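We name chains A, B, ... by the order of the sequence lines, and we start the count at 1 in each one. What's counted below: heavy atoms across the whole structure, side chains too, no hydrogens, waters or symmetry copies. Computed from a predicted structure; not experimentally measured.
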Protein chains: 2
Amino acid sequence: MTRRLAEVAKKVGVSEATVSRVLNGKPGVSDATREAVLTALDVLGYERPTQLRGDRARLVGLVLPELQNPIFPAFAEVVGGALAQQGFTSVLCTRTVGGVSEADYVDLLLQQQVSGVVFAGGLYAQADAAHGHYELLHERKLPTVLVNAAVARLDFPQVSCDDVVAAEMAVAHLRALGHERIGMVLGPKDHMPSRRKLETFVSEGCDPELVEHTMFSLEGGHAAAARLVRRGVTGVVCASDLLALGTIRAARRAGLAVPADVSVIGFDDSALMNCTEPPLTTVRQPIDAMGRAAVDLLVAQIDKAVVPADELLFEPELVVRASTARAPEEARAARR
Amino acid sequence: MTRRLAEVAKKVGVSEATVSRVLNGKPGVSDATREAVLTALDVLGYERPTQLRGDRARLVGLVLPELQNPIFPAFAEVVGGALAQQGFTSVLCTRTVGGVSEADYVDLLLQQQVSGVVFAGGLYAQADAAHGHYELLHERKLPTVLVNAAVARLDFPQVSCDDVVAAEMAVAHLRALGHERIGMVLGPKDHMPSRRKLETFVSEGCDPELVEHTMFSLEGGHAAAARLVRRGVTGVVCASDLLALGTIRAARRAGLAVPADVSVIGFDDSALMNCTEPPLTTVRQPIDAMGRAAVDLLVAQIDKAVVPADELLFEPELVVRASTARAPEEARAARR
DNA sequence: GCCTGGAACGCAAGCGCTTGCAATGGCTTA
DNA sequence: TAAGCCATTGCAAGCGCTTGCGTTCCAGGC
C-alpha cells in the first residue's frame, strides 16, 4: 500500500491531488485525464476504486437453506453473477446438518461487515424465537431482501414467485386432462410458499385431505406421495421438482405408470428436468428475473435509496413435458 | 468516521498512539489498556476490526468453479457439514461470469482472516500468472487443501479421485460390451482431471483422434459429442455427468438410440442421475469420503500438525445403469 | 483586440493514522 | 538499597491521502 497515489501520479504525469480525485469519483477532472489515471492504475496492478476502497468491503451475504435442491445453486449463480457485475462479492451461506443456523450466519455476516443480505427459501413463518436475527438486521438498517420468503410482520422488500398463480396453473392443467382426485405434496408446514399453495389448492375446491407435508427431498416426496397414491389420486401437484421425482418413484413402487396412471407436476423447473424419465411437467419459476430483481432491490438499498417494503410477485410459467397425461379411463368412468 | 481515534483516546484517557496500536494488534500495550480501549470502541458504537474479535474467526473458505454441475453443490454440502461438526463455518465462493476470479477470492478470504481454504475442481494447470495467489497462500502459511486439482509445483495436500482408475474402468466396461470405436468428451485442456483421463485413455490403446475438449456443460457435451457421433463411435466416455447428458442428446439428435446404438458413460454420479432417461451409467466419485478427508487434512493443518503434501487418491466405483449396452451388431460385424 | 467565465489542475495545508524514540515506572537482581 | 531492565505509554514526526483555493488556459461574447 505504500506510495500508491504518488507512484500513479508520477507515471501519469499529474499531481497526487488529481489521482485522488479520480479514485474518489470527484468532479474537476477531464475525461481524458481520468481515463489515463485508471489505465495507469491497472498497469501498476492496483485494484480499481469501486472494488474495495474507502470504507467497507463490498460483500453481500446470500443465505440459502440447502444446496441439494438444484434450484438453490441455480439461484446462487444468478444472484452471484448479478452482484459481481455491480462490483459486489457474494458470500454463500448454507445451513448444514451439523450446525450453523440462520441466526449464526446473520451474526457472522454482520461481523464481516457485509453491505447487505439476501435470504432465499428460508422458513420465516415460524412464530417465535427465530425472528430475533431479522430484527437485528432491521435495527442495524442493513439492506436486506427476502426471496420466496414472505415475513408478514417485518417490512423487508420481497421478491417472490406467485404461488397462487402457480397452484392455479397446476390444478387447472390437471383438471383439463380430466383429473378430479388431485393430491398435493408440500414442504414443511411453516414454509411460506407451501402455505400459500395450500390455501390456493383449497380455495380452488380441491380436497384438503389429499395434502401431505414433508421435507424437501426426493425421499420425503416418496414417502408423502406413497400415502397419497394409496388413497387413489390420479394427479399430484408438488412444491418442488425433487418432491415430484420422489412422487414418480412412489407411484412406480406402487405398480403404477407415470403418466398413464398418475400425472405428476413439479415446481421450479430446475436444471435437468427435461432429462428425467419421464421429462417432468413443472411450473417454472423465473429465477433469472427474480434474482436480478432481488439484486436491484438490494443495491438500491445499499445506495441509500428508499425501497418500499413491498412484495414483488413474479408470474410462473407452466412447462408441459411428459409426466402429465389424461386421467386413466377407469378413474373417469368411476366418477360417472 | 471522523476523529475516531482521538475520540476513543480521550474517552479512555490514553494517547491516540496507544489506541492505534490496539486497533492494529501491535505489541506494546498492556492487556488492561487494550481491553479498556476495545470496550470504549464498543461503547462509542464503532466496529471492532475483525481481527480483534477473539477466537470467533473460525472461518474456512471453500472455492468452487461453478454450481451448475450438481457435483459441486453436493461437495459443498459434504465439506460444509464436516466443517460445521468441527466448529467451523464455511464461506462458499464461486467464480461468476461477470466477475470474481480465484485470486480475488483469495484476497477476500485472507482479508476476512479465514483459518483455511479448500479449493475444488479449479483450473490449476495453467502455466503462468494464475499461480500468484497460491504462492501468496503458501507464504502466509495458510492451511490449504486442493481437491481434484493437482498442482505439481506447489506442495499443498491434495485429495483426488483416481482418474487413471476411472478412465480404465470406463474403457474396460465398454470393451467388455464389445465396443471398439470409443470416444471421449473432456473438459478444457488445462483441467487436470481431464488431462489425466486423456493420458489413461491413450495408454489403454484408444484412439486419441476420438477425444474432444469442451466446456463443462450440457451444451458443451452436446457439441463435442456431435462431432464424435459423426465419426461413428459406438461408446463415449465423458468427464462429467452433465457432459454425458449432452452426449445422449447429441446421439438422439443424430437419430441414434442410447444405449442401443451408442453407449454413454458419465463421471461423478451426481444427484438425480438415476432419474434420467436412460438412467446413466457413470463412474462414481466417493465425494463423501473425499470431502471428509479434505476437511480432516485442513483441520490437521489448522491445529498445527505437519501434514505431508501428498495426494490422497480415492478409488472411484462403476455404477452400471442403462445408458450402456452391447455394441450394435453391425459395428461388431464390420470389424470382423 | 480585450474581457469574462468556467473547466482543469497543482499547490500546499491539513486530517487521520502510524511509528520511532524516549520518558516513565514497576520489578528483579546484585 | 541501588542498579538495571523491560514493559508500557506519550510525544511528535511523518506518511499517505484529501481538499480548499489559487493559477492556468481556452472558448466565446463584446
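- Distances shorter than 4.0 Å separate some side-chain N or O of A/Thr18 from OP1 or OP2 on C/dG10.
- At a cut-off of 3.5 Å, with distance as the only test, a side-chain donor of A/Asn148 or A/Gln285 sits close to an acceptor on the other residue.
- Taking the side chain of B/Ala17 as heavy atoms from C-beta on, and the options D/dT9, C/dA8, D/dC11, the nearest nucleotide is D/dC11.
- The interatomic distance linking A/Arg34 (CZ) with C/dA7 (P) rounds to 14 Å, in whole Å.
- For A/Val29, the listed nucleotide lying nearest its side chain is C/dC9; candidates were D/dT8, D/dA12, C/dC9.
- Across all strands shown, B/Ser20 has heavy atoms under 4.0 Å from base atoms, whether or not it also approaches the sugar-phosphate.
- Remark: P of D/dG20 and NZ of A/Lys26 are 8 Å apart, rounded to the nearest angstrom.
- Counting to the nearest Å, the C1' atom of D/dA7 and the CZ atom of B/Arg21 are 12 Å from each other.
- Using a 4.0 Å heavy-atom criterion, one finds that B/Val14 contacts the sugar-phosphate atoms exclusively.
- If you measure from atom CD of A/Glu35 to atom P of C/dC9, you get 13 Å, rounded to the nearest angstrom.
- Using a 4.0 Å cut-off between charged side-chain N and carboxylate O, A/Arg292 and A/Asp288 make a salt bridge.
- At the heavy-atom level, B/Val19 lies nowhere under 4.0 Å from the strands shown.
- Using modelled atom types, one side-chain atom of B/Ser240 and one backbone atom of B/Leu242 make a donor-acceptor pair closer than 3.5 Å.
- Considering only heavy atoms from C-beta on, B/Phe216 comes within 4.5 Å of B/His191 through its side chain.
- Regarding contacts with the backbone of D/dT9, a side-chain N or O of B/Thr33 is found under 4.0 angstrom from either OP1 or OP2.
- Computed from coordinates, the A/Glu16 CD to C/dG14 C1' distance equals 14 Å when rounded to whole Å.
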